[in-house]
Amino acid sequence: MTHTDPLPLAQSLLRCASVTPADAGAQAALADSLRSLGFTITPLRFGPIENFFARIGSGSPHFCFAGHTDVVPVGGNWASNPFGGEVRDGVLYGRGACDMKGGIAAFVAGAAQHLAKAPLQGAISLLITGDEEADAIDGTARVLDWMAANGQIPDFCLVGEPTSQVRLGDVIKIGRRGSITAKISVFGTQGHVAYPARSDNPVHRLVRALAALTAAPLDGGTDWFEPSTLQVTTIDVGNPANNVVPAAAHATLNIRFNDRHTSAALAAWLRATLARYAEKFEIDFSVSGESFLTTPGNQVETLRRAIADATGTEPRLDTGGGTSDARFIARHCPVAEFGLIGSSMHQVDERVPVAELRALAGVYARVLEAFRV
Ligand SMILES: [Zn+2]
């Protein structure tokens, strides 16, 4: 295997059916490849999940690449074997081709190109998890705890998620919005609709509270973020009778929020608003991530320049989309995300052109050089 070409490693990884939480040999294949480049591997198994940390070099700066070897389920009918690693007409097919086994293979090839060119000044590491696509409980967050306890927090971390939109190099993510879901139940007093004075209608209380929550925008956005948004996703009463005031009414809403908010402050606001309209209510919160931002400075500029030089495309700094494991990394060190064009991620016939995969390896090599690793 020539390590400077990402294709053979990408194919080996795609041939492992590593649908979360299965690993199916993916991390062993990756670790073997890294070992032959001189990396030291520390396996970090948490619960049912395989993870590892790999490092080469002891100098500074310490540059870390973060990625996941797990993939989402296959879904519908594919034209090619989703775990075959097949190349047809210059395109590599397979579940995980762009999200994100292709990105991982490109980083390993980029690191090999960098190591072949000049002696290492700093250190390169990889934070690899098998738990990104599901709950992310036994993955990146726990590997970071281990890294912090063992003096392995890097100076900068690059997550290799597919961030490019139309052309390789057009988008770098420097932050993400947070996400909180609230399941609301409002309780009243059941009764006959003809005698409303004897009942207390929770539906009326709930819709007034929701009207208040949606009456004004949460904010006007920031330099780097779109305005936060609140969306009511369902209102449920399930009352089969037209002559009964129900005892309870339920609704669910989700807020995607920028760095002007925290989930705790939003939860307090939701509670206070509900309390103005309902005497008896319950709210069940689930937070899938806080918002974070790596404020653009020298490191983001170095990354942006390296990508622009290698691709000929000027990257835009962006904070859109869903959450990613970068939310955990941001608590420890500066982090940005850059990778392949993500248009086929999670879809049937997920794929990446081999030329794009090889171009990304070259970009990652250029980034390592620019950071003087
Ligand atoms: Zn991913």
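Position 1 is the first residue of the sequence; numbering continues from there. Note: hydrogens, waters and symmetry copies are ignored here, and every other heavy atom, side chains too, is used. Atoms within a ligand are numbered from 1 in the order they appear, just like the ligands themselves.
The environment of Glu226 atom CD is sparse: at most 12 non-hydrogen atoms of other residues, nucleotides or ligands sit within 6.0 angstrom.
Two residues are said to be in side-chain contact when any heavy atoms from C-beta on lie closer than 4.5 Å; Leu266 and Thr262 fail this criterion. Annotation: side chain of Val244 is not in contact with side chain of Val193 (no heavy-atom distance under 4.5 Å). For the pair Phe65/Ile104, a side-chain contact is recorded, criterion being any heavy-atom separation below 4.5 Å from C-beta on.
Excluding waters, the set of protein N, O or S atoms lying under 2.8 Å from the Zn ion (ligand 1) comprises His68 NE2, Asp99 OD1, Glu161 OE1, Glu161 OE2.
Sequence neighbours left out, the pairs with a member in residues 40-56 that pass salt bridge (Lys or Arg N to Asp or Glu O under 4.0 Å) are Arg45-Glu50.
The pair Arg316-Asp170 does not meet the salt-bridge criterion, since no charged nitrogen lies less than 4.0 angstrom from a carboxylate oxygen.
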